Each structure stands twice: as structure tokens, then as C-alpha cells.
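Below: the structure, in C-alpha cells.
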Amino acid sequence: MSSDDAQILTTLKVLIIGESGVGKSSLLLRFTDNTFDEDMAATIGVDFKVKQLEINDNRVKLAIWDTAGQERFRTLTPGYYRGAQGAILVYDVCNRQSFRQLDRWISELDTFSTKTDPIKMLVGNKIDQKDSREITYDEGDRFARKHSMLFIEASARTCEGVQVAFKELVEKIIETPSLWDKTEASIRPTDNDHSDDAPAGYMEDNNLLLNITSEPTPTRSKVLGKKSVKRKHDTEDEQDSNVIDSNTKKKKQNERVKLDLCQGREMKTSNRSSLFSNNPTIPEIDEKHVETANEEIFGSASSLDKMPVHPHIIGCLKQKFNINRLTNVQEKSIPAILTGEDVIIKSQTGSGKTLAYVIPIIHRIQSIEPLVRRETGPIAIVLVPTKELVQQTYEVFQKVLTSFVRIVCSPLVGGSNRNHEKKRLRRGLNILISTPGRLTDHIENTQSLSFKNIQFLIFDEADKMLDMGFADAIKKIIETITKHNDDNDKHFQRVLLSATPTSALTNFVDINLNKKSLHIDISEEFNDESAITVPKTLTQMFMIVPSKLRFVTLIAFLLKILQANKKNEAKILLFLATNELVRFHYDLLNTILNGEKDDDEDEQGDLQFGHLLDQPIKLLKLQGDMTHHERTSVFNEFGKLTQGILLCTNVAARGLDLPSVTWILQYHPTSPIDYIHRIGRTARLGSIGCSLIFLLPNEAEYVATLQDKYKMSLKNISPDDVLETLMFSCNKLKQHFETRTVVPRTAEQCASSLHHHFEEYVNGSGERTEEARQAYLSFIRYYASFAREWKYLFHVKNLHRGHVAKSFGLRDLPDESNNHNIKERTGTFASSKIKRKIKSKEDETIDPLDEPLPEPIKSETKSIFDRLPLSNNPKFRPRYRNFSHISEFGSGLEVSTKSHKKKDKVGEFLEKKRERNTSKRLFGRKNVK
Ligand SMILES: Nc1ncnc2c1ncn2[C@@H]1O[C@H](COP(=O)(O)OP(=O)(O)OP(=O)(O)O)[C@@H](O)[C@H]1O
């Protein structure tokens, strides 16, 4: 900090607003540079000037924002008004129209100002043109008094009144510390501009950038010996922390929320919609810039031609794949696989790992003597975790195999006709691409399947297959192949690939791979789970949003992206937790964004929604419980789109190579490992992409985990900024709101109105309410199913059931008594306890959907059971832990009958128990056996 800066009391943001041509830029230039340009009126105008002022021995830095001509097109954004402590409203004394428009400018300022009552100075300009004057001094004065403004007449040409106008305004601001002692104003319009890092489309709209990036963090002030700028409520909290009881503490917490969510606009509780009240505090999180492990995508330019493989393969890569050089992982892996040793490959998502093994395998198979024929049977097996990946990998093999027609490749996947597959296996297949489940099924049921000639076994996305519970299936496959090979005294090569090796994978490698395996790691830090690279061209963001505001923020964010990409290039993957949630949100988004109606007779909800997008956007859904055929056609259709939204579960998280995806939105978070794969669906092979994860305030530690453990840099997006989109980015929304009796004027009111409509829609028919209820229950089940290692981030006890229900548009809390999979149902949040309207101490009725949030469960507060080894822990129920087996969570696997039986048994048991309890209540204990 310079010594000059050190004496500055504060930095103020002052706006100049008014109609086009009233002389705003001239006043600014006269004040800052003491110049006057006769032609200025016709120019676009300056947009920003800084000047230091001495006011009563205080030095302040003034950032004065001009409209840069945007007022002519009525395109001033909320970002322009944000954080301004004062405004100069200018009219032309010779132009009555400019005077009449002042009301509109005042109203706009009041609407978008994020400060409570910024100081306004009314300036009647051009008083030198005495003969043309239309507005008298008295008229101006009366108007200023009516609106509690300062007032002066001035002339930018003669300099009269200009300095006084600015100085009086600043003096008044300094006399009102509440306006400036919280945070410093943004110094320049581009202060928050991260456009260098932002991808195309995001950069195109500067206003969008201004709106979307977070406010600068409070900086130190030198005033009156204050060490640092603190919000008033923070200081109060500190002073009182030892004396207030827990109830008062909760109340205080809620007060903070009100301040935080409005960014300093202190509204009375009675004025606030329930959507914005009683939310938990959004924690302040630093956007750490983390030094990440780097991975160069492409290898040397001449690598393709030098590759020691059949020339047909090289030709095919050039013609069919449009490839003219190898990627780094291909350059290193192909020679390693050609040696015949076991190989373990780790490289970031989208770096070309598939071809890294397809090329050497095909090369080696085509060079086998005598020539491979159908009857030779399987020579290579490729195991991948999902059906989509089977299909995708098969297509890559097929493309390369066009030059080697004798070699036959086939996919084997659950969901397709098993008898057809058996028939093909009987006729002879050389390369099998399969999920582990389907292959073990054939091992058990297809006699013609022989492994005697197997030379290659590939595990792609190996960590995911283990995570999904395929360990037993994989073990069985390896044992069967090993047995055949031992009988024939042959060796088979194993290749294992992953972008995110885990400790489970390391154990698997130790047991199942040759000790002399070759390790290929492009980021040079193999075997360290945390050393994970993500594409450099990916901009990662997070947004902490309280439960209740989640849905409206999602809509606002989608509108924001879709508005920003005017060239129709927004291709979005929207990740949701379960199949149920995909279905629910798919119908909802189709209705809200595109105005698609269902056949329901009760039109109340539909009629009120209209549609928010001018041009409908293609929505598709991909989830684990769709048929194989449906999934393939969705996968292909989305691949061809240039703009659209694919709502999906984690089934689309791994390996899928969908072209030109620009945004990954994670509406429901998942484990950090799956997070990495989800974001890997964009920014592939050096292209540009963005990702955003929605987190609840109690999940904020997720960001720290990504930053500290996985070394990732994420930008913080403020939900307030996103919600502002509702005011501007959508004409439909505005038109729609304007038909209402009370026209929402602020982003907050728009959000509340939108949510109100959402609730009306959900509750407008029994069927829709039931769908919302099922979606809610599915979310709670999902949340309760997080593995123990992620419970410090996602603990079902930390969920406020009422707030969550509101994010599904529900007005009552669903009964969870049949929700068997939720383990942690006791405690403050047990639904039975808050289903009733609750009487508080003050005898006020609290709506359970709006009840304040209790203290979150801290991971340190472990019970004695949590500290016991798992095997001795009576609370540990292994059969419920791995929920990825359940098709609801979209693993892409069929539900095994075994787990069904288990579920049914538990269900039966609970049902009987309930019946017994009811009977006991009705007939007394002794009469019930
Ligand atoms: N050398 C290359 N030059 C240009 N494009 C390539 C090259 N190699 C592969 N590609 C293309 O890059 C894309 C990504 O490849 P691939 O799906 O194999 O990546 P991956 O590393 O397996 O990703 P993930 O970890 O997400 O599964 C594909 O569309 C593929 O055709």
C-alpha cells in the first residue's frame, strides 16, 4: 500500500445518472479534469473516473461511475448500482422531458441500490443557456425536497456549481458512516473481472461478469483506530458470545442471515418473504488460488507418424478421428502397452485415454499369427462401469477396426437381449466390451464363452468399478481368465486406467496386477490419491445457497447462462442425485423454461407459469432406470445438439465423451472423487468449459476439501448476484410479473414470486404434490447414504427437513416413516417432531418449513460408536452403506435381486413392528403377542 493510500479514509462509489444528453459526462470531466468538450453530448461518454478529495481533513477516494451511454438503451445493470453510496441525478434545465424522467431514475436507484438510502444530489445542468430554460430553480428545489435530495443548479460549460455539487454529496456521505464503513466500494468496474480466466461466452457479456463475480472482501480501514472493518453484527456477536443463551444465539444467527442475504439492505422481518428469512448464515469462504499439478495434454507434434503401429491404424486416426498428433498419455502409454507388461495409467479426464489402449490392442491383435478369426474367440476384454461407456468404447473400437474386418468386437450390456449376445458369443467374438456384472452373468450362464485365448484385460475407470461394488465380479473374471491361462500355460496382460486412483484401487492393484507393472502418470505424482489434475481450461465455481433458495437460484442461473450465450452454444449437464430427482426436475424445468404443460386438468399451476425463455431449449434426461435403448438414444441425441440441457445422475459422470459441453452444473453435490469426473465432461482435450456446484451453508467445507486435499481453485459466486438475473435477463418473467397486482421490484421479490408460483404449481394437483414428495424423500435417502468418509461434509442430521421440503415446492413436510434407508432419523430434525406446527417459548406458531436452523453436527463430536472399529460398531450396517447399487442412484446397474430381498425384508420387519406398536396402543401391551 502506498503512503498516499494509507491516509485515505475510505473509497466511495458515486453514480451519475439521468437521461441521455443532459450533460453527465461533461459534469464528470469538469469535476475531475476541469475540461469541457463542446462535442461531448454526442459522444458515448466516459465510463469511470477516480479522484481524491479532501473533505474536513479527511481524504477520500472517489470512484465516479458514468453510464457510458448505456442509459440510451436502458441497459444499466444492477452491477452498475451495486455498492454506490451516493448518486448525482442530472437533468437539463432546458429540457422538460429530462426533468420528468427523474422519477424513473429515482425508482431505479431505490430498486437496485444495495445500500440503505444512498445520498442523492439533484443537479440541474446547463444553466448558462438562460434563454432556453424550461425548468425554474423553484421547480427543481421543490422536487428535491419532495424526494429528500440535495439540490444545486450547475453548468459544466462555465464550471458553475460543479465542484460544490460533488463536494456536498461526499460530505453528506461521510457524515453517514453506515453507508461506507462496512466495505469499500469496488474501485473500478473491472475490479471483479476475471475475464482472463473465463471461457468464451462467459466473457462476451461484461455485465454478466460484473453481476456474477462476488463482492470484494472487506479491507482494512484507518478510521479512528479501527483495526479492521467489521460488520456490526459480527462485533456484537463477539461481545455477547459468553452471555447469550442458545435461544438468543439462534435469533442472532437469523438476524445475520437477513443482513447477509440482502448485502446490507436491512429489511424489517415483516417485509421479508419467508424464502429469505431464517436461513442459515452463508459462511465467507476465501477463493484460494491453489497451485495445481499440471498436465500437458498434447505430446510432440511428430508423435503420430512415429508411432510403431500398423499404418492402417495411423491412417484411420487421421481420417476418421481427425487426429494429427498424439496426446501425452497416448504417446507414453502406447509403447508401454506394446511391451506386453501390465500397465497402470493415470491421466486427467478428457485426455484421450480410450485410444491410448485401443490403438496398441488392435495393433497387437492384428499382428497375431496365425491370423485371428471369429472362431479364435475372445482375445481382449474391456471392462467399464456403465452401459453408456460400453457403447462409447465399442464405437471407438469399431471405427479403428474398419481396416481390420476379420477382428470382431461386440458390446455386452445389461438391458439388451441376453440370448442375442449368447448367439453372437457362440459365433465368435474377439473383443468384448462389457460391464463387470454382465460379463460374470455370461461366465455363469453362457457355456460357449471361452477364455482360453485371452491376452488382454482392460479396466477402464477402474476405481469407479470398485466403488460401485464390482470388486467381487472383477475378482471372479480375473480368476476365470487366470484358470484358463494357467491350464494353457499362457500369460495375459492387464491394463488399468483412471483419472482418480483411490486407496481401494491401490489395494486392488497390489493384489491383482503384476508387481513389475509399468506406471504411466502424466502429472508425475502417481499413487498419491490427492494428486489429481483437472483441465487447465476449466473454470470451476461454487455457490453457497441455503436450501430454501436453491430452486429459484437454479432457475436464475440457467437463465443467466442461456441469456449470455446468444449464439446458442449453451450445452449444459445438470447433475442431480437420483433418478427420482431427475424425473421431477425434468418435468419442472420443461414447464418453467419452455412452458410445456402436462395433461393435468387442473391448470392452476400451469397457467400461472407461462414460460421464461423466449426460445425453448431442448431438455433431455439420462438416468439409471431407463431402458438400454432409451439411454442410447438420449446419449446420441445430446451428443448432436449445440444447445440443450441434459439432466442426469452420476450415470453420466464417468468417461462419457459428449462433444462441446460448455457447463457442468452440480445441483446436488456428490463425493469429491465423482465431482472430479462430473466436471471432466467439459473442457475436454484443451477446450474451454465451466462448472458450478451448489452447496448448502453446512456443506461449505466441501470447498476447503477441494482446495486443500485435491488442490483445486474455485471461484465463489454469490447467490444474490445470480438472483438479480430474475429482474433482467428474462422479458417473459417481467411481463408475467407485471400482470400481478403487486409488481415485484427487487430481485428478492422476483425470487419470492417465482417460488410462490413454483409452490402453486407443485400443490396445484395431487399428482404433482406426490411427485414432489417422492423427490423430497429420494433426496433425503440419497443424503443419508453418503459413505462414512464423506459424512463430515454431508450429514443427514445437518439437513433442515422443512427448508429442504420448501425447495421442492412442498408446503407440508412429507411423512418419512416409510423411508427405510434413512438411518439418522432421531434428534432435532426427526420429521415426527416438526411435522406438527410447533409452539415456541413465546407461544408463537412456527412454520416447520421456515423454522430456524439449529447448530450443525460437527464431525468432531463423534459418539463412542463412531470411534469403535467398524466391525465392533453396532451402529454400522454395511448393507446400507453402498447405495450406488440401488438403481435409484443411477449407477446404471440393474438392481440385484439380492438387495431387493434385503430391502423387502427390512421393509417387512418395519411394517410388522409398526403394526405391533399400533396394536399395543389400541389394545394394550398384554393383549398383543
Ligand atoms: N490425439 C488426439 N487428438 C485429438 N483428439 C483426440 C486425440 N485422442 C483422443 N481424442 C479425442 O478426445 C476425446 C476424449 O477422449 P477420451 O474419451 O478417450 O478421454 P478420457 O481420457 O478417456 O476421458 P475420461 O477420463 O473422461 O474418460 C475424444 O473425443 C477423442 O476422440
Side-chain angles (χ1 to χ4, degrees), residues 295-307 309 313-334 337 345-362 382-386 388-400 433 458-465 495-502 505 520-523 532-535 537-538 571 573 575 635-636 638-640 648 650-661 664 673-687 689 691:
E295 192 174 313
E296 284 305 322
I297 295 282
F298 283 102
S300 58
S302 59
S303 54
L304 186 61
D305 292 313
K306 282 193 196 150
M307 190 169 47
V309 296
I313 298 180
I314 299 180
C316 170
L317 292 177
K318 286 181 178 169
Q319 283 154 22
K320 296 229 155 84
F321 290 83
N322 233 349
I323 286 177
N324 42 40
R325 61 175 162 157
L326 295 179
T327 62
N328 228 327
V329 67
Q330 291 161 353
E331 196 176 288
K332 292 189 175 142
S333 307
I334 293 169
I337 296 175
I345 301 165
K346 179 194 160 200
S347 173
Q348 71 183 23
T349 51
S351 57
K353 291 190 287 298
T354 316
L355 279 172
Y357 65 83
V358 170
I359 294 170
I361 287 178
I362 293 185
V382 180
L383 295 176
V384 295
T386 63
E388 282 71 23
L389 215 42
V390 169
Q391 189 62 27
Q392 183 179 291
T393 312
Y394 166 68
E395 279 164 19
V396 176
F397 267 101
Q398 277 303 85
K399 259 190 182 174
V400 185
I433 327 263
I458 316 293
F459 307 93
D460 197 354
E461 306 288 352
D463 60 304
K464 182 65 185 173
M465 291 194 282
V495 179
L496 192 142
L497 301 102
S498 176
T500 51
T502 55
L505 189 69
I520 313 280
D521 179 10
I522 307 305
S523 74
I532 283 168
T533 49
V534 290
T537 46
L538 174 67
K571 201 164 165 184
L573 282 192
F575 280 97
F635 175 57
N636 292 336
F638 189 71
K640 287 180 200 144
C648 52
N650 262 353
V651 77
R654 290 278 180 153
L656 287 197
D657 185 40
L658 294 158
S660 326
V661 173
I664 304 296
I673 293 289
D674 279 336
Y675 168 92
I676 293 161
H677 288 275
R678 282 176 169 189
I679 60 172
R681 298 316 101 208
T682 187
R684 293 174 75 74
L685 216 77
S687 63
S691 72

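In this chain, numbering begins with 1 at the start of the sequence shown. Counting starts at 1 for both ligands and their atoms, following the listed order. If you're wondering where the values come from, they're calculated on a predicted model, not measured in any experiment.
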Problem - Heavy-atom pair of closest approach, residues Ile679 and Ile676 - result: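 Closest heavy-atom pair between Ile679 and Ile676: CG1-O, 3.2 Å.
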
Problem - Minimum-distance pair of heavy atoms, taken over all atoms of Asn650 and Phe575 - result: OD1-CD2, 4.3 Å

Any Lys/Arg nitrogen of [X] or [Y] sitting under 4.0 Å from an Asp/Glu carboxylate oxygen of the other?
X      : Y      : answer
Lys346 : Asp463 : no
Asp460 : Lys353 : no
Lys318 : Asp305 : yes

Exercise for the section: Write out the protein residues near ligand 1, meaning a non-hydrogen atom under 4.0 Å from one of its atoms, in order of chain and number. Expected result: Phe298, Ile323, Arg325, Leu326, Thr327, Gln330, Gln348, Thr349, Gly350, Ser351, Gly352, Lys353, Thr354, Leu355, Glu461, Gly655, Asp657, Arg681, Arg684, Leu685

Problem - Donor + acceptor pair across side chains of Gln330, Thr327 (<3.5 Å) - result: yes

